[in-house]
Amino acid sequence: MEITLKDTAVKLMARHGLNRWLINDQSIPGSCFLCYAPSGRLPVCTPCLRELPLNRDPCPVCALPDCHGQICAECLGAAGPALDVVIAPFRYSYPVDRVIQEMKFHARPGLAGFFALAYHGLAEAGLLVLPEQLIPIPLHRGRLRERGYNQSACLARAFSAATGIPATIHTLQRLRPTIAQSGLKRPQRRRNMRGAFALTANADVRGRHLALIDDVMTTGATLREAARALKRAGASRVDAWVCARPGQE
Ligand SMILES: [Zn+2]
Ligand SMILES: [Zn+2]
C-alpha cells in the first residue's frame, strides 16, 4: 500500500514538473535512494545517477571543483601540504547535499552505501591510489552520544566493503569538543581545530599510507589537522576520501 502511494506521489510530482528526489524516507532494497524508482541492486537508479553533480575537472591535489584539471592557486602556494591527495567524487550541491544531510542528521547512516558505490567505481576503473588503511574523522564523545553514530565511521566501513581496504575506526580520537565549522570563517576554522586530534594508545601508523574519511571537505581545516596528527605519528602519506566538495566561494 505504501509503495503504491509513493509511486503515485512520484508520478504526480513528475507530472507537475516537481523534483522527484528524496521523497524516499526508507532504504528499501531494490529501490532508488533518491526517487524510489526500481534500481535493481544499485542504491540509485540510472536516470538519477546520470543527473548527479559529479566533481568534474577538479584540482588533482585538493579536489576543488572547476579547476580544469590544473593544480589550484592554494595548492600551488602550499609548502609541504598536510594532505597528499583529496578525492571527492561529487560536488556539494543538490541532491548530493541533501543525501549527506539525511545521512548525518536524520539517522540514515545506511546512505553511506550511496557514496561507497562511487568509490567502488573509482577503484574498479583504477583511478585511485589505494592506501593501506581507511581512518574516519572521529566525533567527540559528547556529539557521538547525541547523534548515536559517527557518519564518517559509517562511510569508512562502507568504503572498506567497496574497496577491500581495512577500516581502522579507533586510530584517531577527538581530544576536545569543537564549535561547528560551518559558522566560522577560514582562519577561525584552523584555530578551532588546532590540537583537536591525537592517536589512540595502541595505534601505530609509522610508515603507513592512510586515507582519512569524512563526508564533506570545505576549507579542509578538520581533515588537515587530523592529517597533521597522523604525520606527527609517522604516517608516510595521508590522503582524504570524502563524498563531496563545494566549489569556490
Ligand atoms: Zn532515482
Ligand atoms: Zn588544490
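Every value quoted in this text rests on a predicted model; they were computed, and no experiment measured them. One-based numbering, in listed order, for ligands and for the atoms of each.
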| message | Tell me whether the Zn ion (ligand 2) has Cys67 as a neighbour, meaning an N, O or S atom of it below 2.8 Å. | response |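 Of the N, O and S atoms in Cys67, none lies under 2.8 Å from the Zn ion (ligand 2), which means no.
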Quick one about Gln173 and Thr200 (side-chain donor to acceptor, distance below 3.5 Å, no hydrogens or angles considered), yes or no?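 On atom types as modelled, these side chains do not qualify, holding no pair under 3.5 Å.
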Considering only Ile, Leu, Val, Met, Phe, Trp and Tyr, and joining two whenever side-chain heavy atoms are under 4.5 Å apart, list the other residues clustered with Ile137.
->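 Members other than Ile137 - counting any ILVMFWY side chain reachable under 4.5 Å - are Leu83, Val86, Ile135, Leu172, Met193, Phe197, Leu199, Val205, Leu210, Leu212, Met217, Leu223, Leu230, Val238, Val242.
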Review point. At the Zn ion (ligand 2), what's the angle from Cys59 SG to Cys72 SG, rounded to 10 degrees?
Key: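 SG of Cys59, the Zn ion (ligand 2) and SG of Cys72 span an angle of about 120°.
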- Message: If I take the Zn ion (ligand 2) as the centre, what angle separates the SG atom of Cys75 from the SG atom of Cys62? Nearest 10 degrees is fine.
- Response: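 Rounding to the nearest 10 degrees gives 100°.
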- request: Answer whether the closest heavy-atom distance between the side chains of Tyr92 and Asp215 falls below 4.5 Å.
  value: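 No; the side chains remain at least 4.5 Å from each other.
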Is the shortest side-chain N to carboxylate O distance from Arg186 to Glu74 below 4.0 Å?
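Here Arg186 pairs with Glu74 in a salt bridge, since their nearest N and O are under 4.0 Å apart.
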